[in-house]
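Please read the structure below before turning to the comments.
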Amino acid sequence: MLDTAYPFRREQPGYLRFLTLGDGYFEVLVWSIAPTSRPAMPALVDIGSRDASSLALVGTGEGRH
């Protein structure tokens, strides 16, 4: 279940690395949740064939205090 109480930090190194690596080979589209602008589902689209794969962001590996 998506943890909506905990804010997703877009500056997390793993998320930024994923977007950077994906952008080198694919067109990266990120679907966001409207009220919070929290990214929910990035999609990687192959530029040549226009085939796409989506990934659901269901949580983070970041520790909480």
Please check if Phe18 and Tyr25 belong to a single hydrophobic cluster, counting links between Ile, Leu, Val, Met, Phe, Trp and Tyr side chain heavy atoms closer than 4.5 Å.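 Same cluster: Phe18 reaches Tyr25 through Ile, Leu, Val, Met, Phe, Trp or Tyr contacts under 4.5 Å.
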Are Leu19 and Phe26 grouped together when hydrophobic residues (ILVMFWY) are joined by side-chain heavy atoms under 4.5 angstrom apart?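 Result: yes, single cluster for both.
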Joining Ile, Leu, Val, Met, Phe, Trp and Tyr whenever any side-chain heavy atoms lie under 4.5 Å apart, the cluster holding Val45 also takes in Leu29
Show me the donor-acceptor pairs within less than 3.5 Å that the side chains of residues 49-56 make with the rest of the protein, sequence neighbours left out.
residue	atom	partner	partner atom	Å
Ser49	OG	Asp46	OD2	2.7
Ser49	OG	Asp51	N	3.2
Ser49	OG	Asp51	OD2	3.2
Arg50	NH1	Glu27	OE1	3.1
Arg50	NH2	Glu27	OE1	3.2

What closest approach, in Å, do Gly22 and Leu44 show between heavy atoms, and which atom pair accounts for it?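 The answer is CA-CD2, 4.3 Å.
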Considering only residues two or more places apart or on different chains, which pairs with a residue in residues 16-26 satisfy salt bridge (charged side-chain N to carboxylate O under 4.0 Å, His left out)? none
Quick one: does Pro42's side chain get under 4.5 Å of Trp31's, heavy atoms only? no
